[in-house]
Peer 1: 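Take a look at this one; I'll ask things after.
Order of the sequence lines fixes the chain letters, A, B, ..., with proteins taken first and strands second; residue numbering starts at 1 for each chain. This is a predicted model, so every value here is computed, not measured. Only heavy atoms go into these numbers, but all of them, side chains included; no hydrogens, no water, no symmetry mates.
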Amino acid sequence: MKWKSYEAKWQKKWEKQGVFVPSLDSKKKFFLTIPYPYTSGALHIGHGRTFTLGDIIARFKRHQGYTVLFPMAFHISGSPILSISDKIAKEDVRTIRLYLEYLRIYETPENAEKIITTFTDPKKVAKYFAGKISQDFKSIGYSIDWTREFNTGEERYNKFVEWQYHQLKEKGVLVQGKYPILWSLEVGQPVGEDDIADGDTDKVTITEFNMIKFPFDGEFLVAASLRPETIFGTTNLWVNPKGIYVRTKVDGETWLISREAAEKLRVQGHEVDVSKDFRGREIVGRFAQNPLTGEKLPVLPAHFVDLDNGTGVVYAVPAHAPYDYQALCDLSNHERLGNLVDINQLPVIINIPGYSVPAKEVNELHGIKDQKDSRLEAITKELYKTEFYSGLLNNKCGKFSGLRVSEAKDKVRDKLRKDKVSSTLYETSRKAITRSKNKVVVSVIDDQWFIDYSNKEWKKKGTKWIKRMEIIPEKYRKWFLDTIEWLDKRPCARKRGLGTKFPFDKDWIIEPLSDSTIYMAFYTIAKYLKDLSPDSMKLELFDFVFLGTGSLESVVKTTGIKRDTIETMRKEFLEWYPNDLRHTAPAHVSNHLTFFIMHHIAIFDPKYWPKGISLNEVLIREGVKMSKSKGNVITLAHVAEKYGSDLYRLYVASSAELDAVIDWRERDVQGVSSKLSKFIDIIEKGAKAEEGELELVDEWFLSKFYISLKSATKHMEDLKFRDAIVDLMFKTLNDFKWLERRSKNPFGTVKRILKTWLIALAPVIPHTAEEYWPTLGGEGFASLAPWPSISEKPNISAVTKEEFVRSVLNQVRDISKLADKKPTRVFLYIADKWKYRALEAVIKEKERAMKSVGQFENKEAASKVIQSLIKGRIWEKFSEAVDEEATLKDAIKALEEELGAKVEINSKRDPLKKKDRAMPFRPAIYLE
RNA sequence: GUGGGGGUGGCGGAGUCUGGUCAAACGCGCAGGACUUAAGAUCCUGUGGCUAGUGCCUACAAGGGUUCGAAUCCCUUCCCCCACACCA
């Protein structure tokens, strides 16, 4: 792995000479961004895939003559870094262990112990890892302009984000309203996924129950359900007889619900005043009213009712709910309550093919005997799924009859709400506790700030723009369109975390996905703000720089910033914007990338809207996902030392196309490594060789290379790196092997294309390109060399002839394999002249060549030959006939060597009468 | 649940949009050979079945359909993966 020895040297040279710091006033510019990494730890080779491919794009564009801006910054907004510091401060063992592990990637154990004590300050964590990540990036050879680096905790960035939010407010997309979030009652604080026990593995979401109020002697017995449409099939209400319920005032009415439910309602924006509690059994046997039909419904006891789920009151739909049906069965022998619901006359309200009373039938099928049977859960789910997709509401459902369950659900819910018999209760999707063992419930915040993506005009513009943008691979475009369709109001500020304070209410902090949507613009000016006082970064400054509004004079006056600094900033912005390409992983489509597009649309002039997005899939290792817990992570920091950066880059670029998952397999890495070694070996030998006369095989090799280069250039433009490398590396190396066998002077021949070859691979293996560039007589940095032009025309006839020789060789081999003998003499017979006339006709007329049969003497034979040529689609393989006899005679030595046999062409000797079988490009063969 | 992607050889993966050029690019593995005292590295050859030949048969998750023709288009079923709002 020779490349390891020279990589660091070139990285230093690039940095020292500012090779990747672009100048202004370019003719052709290209502005590439990759989302900045979040600095909570070390990055691994999976993250590196995205940055590496981005870098390859940047480098390729530079070769193509673009002035490329490829900047980088660091994200520190949000709660994770904060909670890391909290945990380290609280001496949480797991966190400390994890971070010591991270630190040891870069530090001696003693230093790691020292540094971790500073990590109680979140900014120190962020700063430390930002430093290390940029060091890692440099070690992989990324061509980043580091002069524009910043992190999102800096004041200049905060000022910029504040400006962004003023803009959003002006555009009317910032709104305030109610919002349900996960909440801890004990702590009185929101809880995030990382606060919840097992929150990472078993996600907790928020579900909406419909609370339906059943009139109950001037009060309401309030039942909660996820299936409002089943209200038409209810026969009774269930309470848990042992459970504790409360009689409470809720929003001015008296409700009977479980104690837990009352607590939840209190934090969900309801006025709750609990007056008295009682056991569920106390109301058993009384009657409530169906709020839709007025029907009398008995209150019955059931043990499956969970007080801490919904309201602790459930309305029974025994024909459709396995639990309800079974609970009725369990009760049927009860002398007083057993006959209040007639189990043989259950109202069926949903028709599904194959069932008459679904719950009854599935229970019987599974042999359910008791409501405590644990299988009921799964059976319920199963039945619900069937009903949801194939069930139709029947004529018991009034105006909803005939609807599918999937449609009826929302319609019935809306009607119940409209009639004020129903409202919403939020519940967690599963029982959850925080890591400090507090119960997680849902609370409703009523002054939450949102970005209103549901705004119709805005959406329309977004959709239209996405249809026009360049999206690579194309298949992700639909995902963008779906996302924008689905996007609704999105909370954009939080009470916790690092980041920019919300400018209109300083108690809030802008949420980390909402503070990173237009910062590509910030790159253009970041370096000029570095030394200015934050106070000078007034709204007017950004207005002027980004929107061109206001006058230079007045901005100078209000900000006190020097006139030419402001002018330069404006110039930088105009120079680089829009962002030509943003490259990242598909996971960001449904949030970040769509916000990125939408915010640009809201704030900037259309000519500055983002032009393109490219995406690459993830990287796994030996078939499994990399994760800290599995201990199979290779960090970016180890790449240079372990594999060398050029090998890493080559593997990442060549082993899968953008939309396929890369599997990092040590064995395959070794394979790629040997290709790279071989390539370097050829360069070294080629550089020393003398160019000589070109023979057929040399012409063939050079021509094949030009064809590959042309195809690879196209692939690079389409970001199909794998295909490009297959052309430039694997196929060309294979061709070279043949050249080595056949040519008198293979290295002299390859020398003619070495510079071209090297630059064509430079985006992928830049260090190797730099190292050998001077050796080959290149000037300046290889990284800045122009992309090779393809002026040389491939010699098609040489290619055809050599391919013909190779195919004859293969044919002889095929036959000797079939004949199962190793020949000592090989006889080749060239096809008769008239068959070449047939070939000519087929090359010219393709499928329609049959009509020329008439021109031949032996029409039957001619028709066979032509048919065969057509079937073989010969015109796609060979574009012209060659003088086969001469070509083979020229190559006779090579053939004899390869075959280890004497080769005779058009010999009189033909004992098996093979000569007649000969066809153009397929001489007849006889072996002895 | 909602939305998206996918199932091809011993393996990773091309090919699918634009049906015929496909027994399947490129790579890995495996087998035989060359080189070597030997191993490794490297190079050559082979790697569905039949066949001294430009062909036939069986294959592209399973089943069905459209078509002269399907891995490719349509339908059904099974299986796998990914993303989903405060998480960066």
Side-chain angles (χ1 to χ4, degrees), chain A residues 35 37-40 75-81 179 181-182 190 192-194 199-200 203 205-207 384-385 388 429 448 450-451 453 474-476 478-479 482-483 485-494 496-497 511-514 516 585-592 595 617-618 623 654-657 659-663 665 667-668 670-672 674-675 677-678 681 722-723 725-727 729-731 734 737 740-741 807 810-821 823 847 865 868-869 871-877 898 912 914 917-927:
Chain A
Y38 187 71
T39 54
S40 59
H75 204 201
I76 75 163
S77 310
S79 48
I81 292 179
Y179 191 68
I181 55 164
L182 295 177
E193 188 180 286
D194 54 326
D200 44 349
K203 217 170 134 66
T205 55
I206 294 172
T207 50
Y384 176 52
K385 213 171 150 187
F388 189 80
S429 58
Q448 173 73 52
F450 295 88
I451 294 173
Y453 291 108
E474 177 61 37
K475 73 176 186 191
Y476 293 111
K478 190 173 179 311
W479 193 1
D482 289 347
T483 301
E485 179 76 20
W486 155 90
L487 223 45
D488 197 4
K489 289 192 180 71
R490 185 181 206 277
C492 62
R494 294 155 55 171
R496 268 183 63 194
E511 179 273 328
L513 274 173
S514 305
S516 55
H588 294 139
V589 171
S590 59
N591 44 49
H592 166 74
F595 304 157
E617 265 293 345
V618 297
S654 70
S655 54
E657 288 301 348
D659 59 350
V661 173
I662 287 186
D663 192 359
R665 301 198 299 181
R667 197 164 238 156
D668 290 355
Q670 287 319 309
V672 173
S674 75
K675 302 282 170 202
S677 296
K678 173 86 187 167
D681 187 52
R722 175 189 167 90
D723 288 338
I725 293 166
V726 166
D727 280 333
M729 200 78 182
F730 303 130
K731 284 190 177 163
N734 278 348
K737 282 187 200 165
E740 265 187 302
R741 278 202 268 163
S807 81
N810 282 331
Q811 287 160 44
V812 174
R813 282 190 178 126
D814 283 349
I815 307 264
S816 49
K817 199 184 98 202
L818 279 179
D820 199 19
K821 69 177 167 193
E847 284 95 340
V865 167
S868 158
L869 289 169
K871 198 160 180 204
R873 303 200 147 230
I874 196 80
W875 57 88
E876 284 166 4
K877 291 180 194 133
E898 290 291 327
L912 290 185
K914 292 286 188 185
R917 315 189 70 141
M919 293 278 284
F921 294 112
R922 281 188 171 272
I925 297 162
Y926 169 65
L927 307 179

Peer 1: Could you tell me whether the side chain of D488(A) has a donor or acceptor atom within less than 3.5 Å of a complementary atom in the base of rA85(B)?
Peer 2: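 Such a pair does not exist between side chain and base.
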Peer 1: Should the pair H588(A) and H592(A) be assigned to parallel (<30°), tilted (30 to 60°) or perpendicular (>60°) ring geometry?
Peer 2: perpendicular
Peer 1: Which nucleotide, rC44(B), rC28(B), rG13(B), lies nearest any side-chain atom of K737(A)?
Peer 2: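 For K737(A), the side-chain atoms sit closest to rC44(B).
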Peer 1: How would you label the contact of R722(A) with the nucleic acid (heavy atoms, under 4.0 Å): base, sugar-phosphate, or nothing?
Peer 2: base
Peer 1: Taking the side chain of N591(A) as its heavy atoms from C-beta onward, which of rG4(B), rA88(B), rC26(B) lies nearest to it?
Peer 2: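 It is rA88(B).
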Peer 1: For E474(A), look at atom CD and say whether over 12 heavy atoms of other residues, nucleotides or ligands are found less than 6.0 Å away.
Peer 2: yes
Peer 1: Considering every strand and a 4.0 Å limit on heavy-atom distances, what is the contact class for H592(A): base, sugar-phosphate, or nothing?
Peer 2: nothing
Peer 1: Please determine, for the side chain of R667(A), which listed nucleotide (rG27(B), rA88(B), rC28(B)) has the closest atom?
Peer 2: rC28(B)
Peer 1: In the strands shown, is rC78(B) matched to any nucleotide by a Watson-Crick or G-U wobble pair with both distances under 3.5 Å, and which?
Peer 2: rG7(B)
Peer 1: Select base, sugar-phosphate, or nothing to describe what S674(A) touches, counting heavy atoms under 4.0 Å on all strands.
Peer 2: sugar-phosphate
Peer 1: Under 4.0 Å, counting only non-hydrogen atoms across every strand here, what does I925(A) touch: a base, just sugar-phosphate, or nothing?
Peer 2: base
Peer 1: Could you please name the option among rC84(B), rC28(B), rA88(B) that lies closest to any side-chain atom of L513(A)?
Peer 2: rA88(B)
Peer 1: Please tell me which of the listed nucleotides, rC26(B), rG4(B), rA83(B), lies nearest to the side chain of S590(A)?
Peer 2: rA83(B)
Peer 1: Does any nucleotide pair with rG69(B) by Watson-Crick or G-U wobble geometry, both distances under 3.5 Å, and what is it?
Peer 2: none
Peer 1: From the list rC26(B), rA88(B), rA85(B), which nucleotide is the closest neighbour of the side chain of K731(A)?
Peer 2: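 The closest nucleotide is rC26(B).
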Peer 1: Judged by each residue's nearest nucleotide on RNA chain B, which is more toward the 5′ side, E511(A) or A656(A)?
Peer 2: A656(A)
Peer 1: R665(A) side chain N/O closer than 4.0 Å to the phosphate oxygens (OP1, OP2) of rG12(B)?
Peer 2: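 So the side-chain polar atoms of R665(A) never come under 4.0 Å of the phosphate oxygens OP1 or OP2 of rG12(B).
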Peer 1: Where the side chain of A924(A) is defined as all heavy atoms beyond and including C-beta, which of rG53(B), rG13(B), rA85(B) is the nearest nucleotide?
Peer 2: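 Among rG53(B), rG13(B), rA85(B), the one nearest the side chain of A924(A) is rG53(B).
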Peer 1: When the P atoms of rU18(B) and rA88(B) are compared, how many Å lie between them, rounded to an integer?
Peer 2: 42 Å
Peer 1: If rC43(B) has a Watson-Crick or G-U wobble mate with both distances under 3.5 Å, name it; if not, just say none.
Peer 2: rG33(B)
Peer 1: Considering only atom P, compute the distance from rG63(B) to rU58(B) and round it to an integer number of Å.
Peer 2: 14 Å
Peer 1: Give S654(A) one of three labels, base, sugar-phosphate or nothing, depending on what nucleic acid heavy atoms sit under 4.0 Å from its own.
Peer 2: nothing
Peer 1: Please tell me which of the listed nucleotides, rG3(B), rC86(B), rA88(B), lies nearest to the side chain of D482(A)?
Peer 2: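 Nucleotide nearest to D482(A)'s side chain: rG3(B).
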Peer 1: Examine the side chains of R494(A) and S79(A) and answer whether a donor and an acceptor come within less than 3.5 Å of each other.
Peer 2: yes
Peer 1: Measure from the side-chain heavy atoms of R490(A) and tell me the nearest of rA88(B), rA85(B), rG5(B).
Peer 2: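 For the R490(A) side chain, the nearest candidate turns out to be rA85(B).
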Peer 1: Give the minimum heavy-atom separation between Q448(A) and P491(A), together with the two atoms involved.
Peer 2: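 Heavy-atom minimum between the residues: NE2-CB, 3.4 Å.
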Peer 1: Mind checking who rC84(B) pairs with, Watson-Crick or G-U wobble, both distances under 3.5 Å?
Peer 2: rG1(B)
Peer 1: How are the rings of Y453(A) and F595(A) set relative to one another: parallel (under 30°), tilted (30 to 60°) or perpendicular (over 60°)?
Peer 2: parallel
Peer 1: Provide the distance between the two P atoms, one in rG33(B) and one in rA38(B), to the nearest whole Å.
Peer 2: 13 Å
Peer 1: Are any non-hydrogen side-chain atoms of E511(A) and R490(A) less than 4.5 angstrom apart?
Peer 2: yes
Peer 1: Between rA52(B), rA88(B), rG27(B), which nucleotide has the shortest distance from any of its atoms to the side chain of Y38(A)?
Peer 2: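 Out of rA52(B), rA88(B), rG27(B), the nucleotide with an atom closest to Y38(A)'s side chain is rA88(B).
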Peer 1: Given that K678(A) and V672(A) both sit by RNA chain B, which one's nearest nucleotide is further toward the 5' end?
Peer 2: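 Of the two residues, V672(A) wins.
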